[in-house]
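Atoms within each ligand, like the ligands themselves, are counted from 1 in listed order.
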Amino acid sequence: MAKLGDYFKTEDFKKEKHVPVIEGTSGVKSGVSFTVSVTVGKEIPHPNTTEHHIAWIKLYFMPDGGKFIYEIGSSVFSAHGESVDGPNKGPVYSNSIATFNLKLDAPGKLIAESYCNIHGLWESSVDIVF
Ligand code: FE
């Protein structure tokens with residue numbers, strides 16, 4: 001049986017960045033709220049056009065020794081120049097940067113997913129240690 005996880009990519013192309021970059025996790029303390037940002041295309045921008053764009057970013061938490069993963073949230077990027085005048089003629093483009101404010105009571109892993117409308121699913125993770 002094919003599993004969705006088999007189709008996630010973690011190694012990027014040379015000229016285009018898809019892997020989500022998770023930032024803001026250093027110095028995190030148990031039970032204290034903090035803000036994480038997840039960006040696609042931080043070093044090398046990913047295209048943001050009607051034909052080719054990042055559609056969404058999701059963030060999950062897997063506690064150390066836990067059995068189940070927790071979804072923290074999602075950001076959906078809906079505007080990529082679509083317009084009644086045609087593709088890339090619209091007035092608005094949403095950029096692929098998501099922020100989440102959260103609090104953790106256990107160490108574990110933050111795992112981010114991103115979805116490019118033509119290059120599929122990408123993921124990365126960061127260890128959270130108190
Ligand atoms: Fe792409």
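Minimum interatomic distance between E51 and N117 (heavy atoms only, all atoms of both residues): O-ND2, 3.0 Å.
No side-chain donor-acceptor contact under 3.5 Å links S125 and K109. Side-chain atoms of T50 and N88 form a donor-acceptor pair, as typed in the model, at a separation below 3.5 Å. With 3.5 Å as the limit, one finds a donor-acceptor pair spanning the side chains of H80 and N48.
For Y115, the ring pair (Phe, Tyr, Trp, His ring centres under 6.0 Å) partners two or more places apart in sequence, or in a different chain, are W56.
Legend: protein N/O/S atoms lying under 2.8 Å from the Fe ion (ligand 1), waters omitted, number 6.
More than 12 heavy atoms of other residues, nucleotides or ligands sit less than 6.0 Å from atom CD of E71.
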